[in-house]
Amino acid sequence: MIDVLIAGAGPNGLMLACELALAGVHPVVLERHAAPTGESRANGLVGQVVRLLDRRGLYARLSGESTPPSPQPAFTFGAFPLDLTMLADNPHYVLGVPQARLEAALAARAAELGVDLRRGHEVVDVCQHPEAVEVRLADGRRLTCRFLVGADGGRSTVRRLAGIDFPGVTNDRSISRTATVTVPDSFLDPGTGGLRVPGYGVLPPFQHTRTARGLIAWAPFPGRPAILSTHEWPDAPAGEETPMNLAELRASVARVLGADVPIGAPDGPGLLRRLTGGNTRIAARYRAGRVLLVGDAAHVHPAMGGPGLNLGLQDAANLGWKLAATVRGWAPQGLLDTYETERRPVAERVVMSTQAQAALIGPGEEITGLRELFAELLRKPEVTGHIAALMSGADTRYPADPADPADPMAGRCAPDVVVHGEHGPKRLAELTRAARPLLLDSTGAYAEVTAPWRDRVDVVTGPLQGTTATALLVRPDCFVAWSAWSAGSAGSAGDTATLRAALTHHFGLPQ
């Protein structure tokens, strides 16, 4: 019997497969397409997920850089420029990697970890039993697994077959058009990287620009074709039966800007996409018995701000260790159910953020007035900081551990600490690549407490740089499970009791 079967070899399914393999569970991944499509529905990673990839050793592969990721100095929210240099602690990271390259990197990593990826296998039926799930494929073959995970996108077959509702709203009021393009050299602004448009001015790069007639974005990615996109609210929707072409995009640009931009097609295959309307939906349940949902199968929302992969890949990191613990038999009671209780509120905040941004870019003079007020608010560092934390997911805090609800760091993403141990300084990102629970102890007082859990919890001892905590218990998804703060009370009865409780609560009974 297969332990875990994952339907969908997109970024979220592949990330989950890697997390499971790191935890000692080797899943089978089924993908209905016979080969990678090469389509990039996303053009980069935005938010705290960039730090997560660094903590799995994937950031260097994707960025080609040997240095850790640095916060982004600027971004956008609802077509407003965000000056993030005003923040003392900027939480916003960006990695400009097209989805196709991300999928290729995750597929390569999954292969290194021994993941069984089967392409050209489509799930058409699911039957749950008390101890297993039976899956029928389009070719008639049947597979049996202990758990089935739907990572098969917003139109998830697994979600439908599991009988999980997908409530929300659909609208067809807007049309977005996106394409990879070339433009004449005379239209390029060498100083800013923007698009110089006669009759309009300079369109800034990597930023949504709102006009009274719509929204436009110019993205001149280094080393690959630029992307030009528009967003309009027409009186009548475009015919979906007619394939989009560059002439259609050029006409849309002229309507939005009130000026013409000559565009051409790049050499080789390119992106050419029209989307009408959009969906905002969250699954009624993330789990139905032995069937679970991850990524777009669990939630869809507008793409404003690019939060999709930030949300989906962190779903996978949250689910991976909990599902592996359940399969391997050491998960405490109810651990798998915390996947939904922790991740659903994060999805709800992403939906709130994207809906707010969609409202802020809308047409009409009343929206223009709202934008004038919002622009004033964004001049305040505390407002920009709040927005940056929301967009990056840095404001995520999971429910408090009942063993110590007053713990100031429990449930928060672990800081980028450096441990000065016996083998020299090590960044947290170097210590978390095995995706195992980790105790960082600057005092050496807690190793004995953790010893009964050594089969599943690693201990690193040495002074901690980057935090005032004296010890941190870090979950495999790099969120803090427990912290201690006073060096003078290190190893005290109170601290050791709460540490034991946290170890049991997250990682089960000792060996």
Trainee: Salt-bridged, R213 to E232, with N to O below 4.0 Å?
Mentor: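 Looking at R213 and E232, the cut-off is not met.
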
Trainee: With rounding to the nearest 0.5 Å, note down the distance linking CG in L271 to OG1 in T180.
Mentor: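 So the CG of L271 and the OG1 of T180 are separated by 5.5 Å.
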
Trainee: Taking the side chain as every heavy atom from C-beta outward, state whether T280 and V300 have any atom pair closer than 4.5 Å.
Mentor: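 Side-chain contact under 4.5 Å: no.
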
Trainee: For H92, check ring pair (Phe, Tyr, Trp, His ring centres under 6.0 Å) against everything at least two apart and list the hits.
Mentor: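 Residues passing ring pair (Phe, Tyr, Trp, His ring centres under 6.0 Å) with H92: F75.
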
Trainee: In sequence, state the C-alpha distance, the side-chain angles, and the governing distance for L137 and L143, and then conclude on side-chain contact (heavy atoms from CB on, under 4.5 Å).
Mentor: CA-CA 8 Å; L137 305 182; L143 299 172; 4.1 Å; yes

Trainee: Is the NZ or CZ atom of R343 both under 6.0 Å from the centre of the six-membered ring of Y286 and within 45° of that ring's axis?
Mentor: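 No, R343 and Y286 do not form such a contact.
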
Trainee: Take atom CG of D139 as the centre, draw a 6.0 Å sphere, and report whether it contains more than 12 heavy atoms from other residues, nucleotides or ligands.
Mentor: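 Yes, enclosed.
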
Trainee: Name all residues meeting the salt bridge (charged side-chain N to carboxylate O under 4.0 Å, His left out) criterion together with E19; count only those two or more places apart in sequence or in a different chain, and write none if there are none.
Mentor: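 R56.
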
Trainee: Using side-chain heavy atoms (C-beta onward) and a distance below 4.5 Å, is V135 in contact with D125?
Mentor: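 Side chain of V135 against side chain of D125, heavy atoms only: no contact under 4.5 Å found.
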
Trainee: Does a donor on one side chain sit under 3.5 Å from an acceptor on the other, for N318 and E342?
Mentor: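 Short answer, yes.
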
Trainee: Regarding R371 and the six-membered ring of F80, is the cationic atom NZ or CZ under 6.0 Å from the ring centre and inside 45° of its axis?
Mentor: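 Yes, a cation-pi geometry.
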
Trainee: When you check the side-chain N and O atoms of T368 and E372, is any donor under 3.5 Å from an acceptor?
Mentor: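 Short answer, no.
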
Trainee: Check whether more than 12 heavy atoms from other residues, nucleotides or ligands sit under 6.0 Å from atom CZ of R433, and answer yes or no.
Mentor: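 Atom CZ in R433 is crowded, with more than 12 foreign heavy atoms closer than 6.0 Å.
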
Trainee: With the threshold set at 4.0 Å, does a side-chain nitrogen-carboxylate oxygen contact exist between R287 and E340?
Mentor: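 The answer is no: the pair does not qualify as a salt bridge.
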
Trainee: Using a distance-only test with no angle check, is there a side-chain donor-acceptor pair under 3.5 angstrom linking T230 and R255?
Mentor: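 On atom types as modelled, these side chains do not qualify, holding no pair under 3.5 Å.
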
Trainee: Give, for atom CZ of R177 and atom CG of N245, the distance between the pair rounded to the nearest 0.5 Å.
Mentor: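 One gets 10.0 Å once the value is rounded to the nearest 0.5 Å.
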
Trainee: Does a salt bridge link R427 with D54, judged by any charged N lying under 4.0 Å from a carboxylate O?
Mentor: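 Salt bridge: yes.
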
Trainee: Does the pair D395/R349 count as a salt bridge with the N-to-O cut at 4.0 Å?
Mentor: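 A salt bridge links D395 with R349.
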
Trainee: Check whether any side-chain heavy atom of C145 sits under 4.5 Å from a side-chain heavy atom of V4, and report yes or no.
Mentor: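 A side-chain contact under 4.5 Å is absent here.
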
Trainee: Distance alone, cut at 3.5 Å: any donor-acceptor contact between the side chains of H299 and R344?
Mentor: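 H299 vs R344: no donor-acceptor pair found between side chains.
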
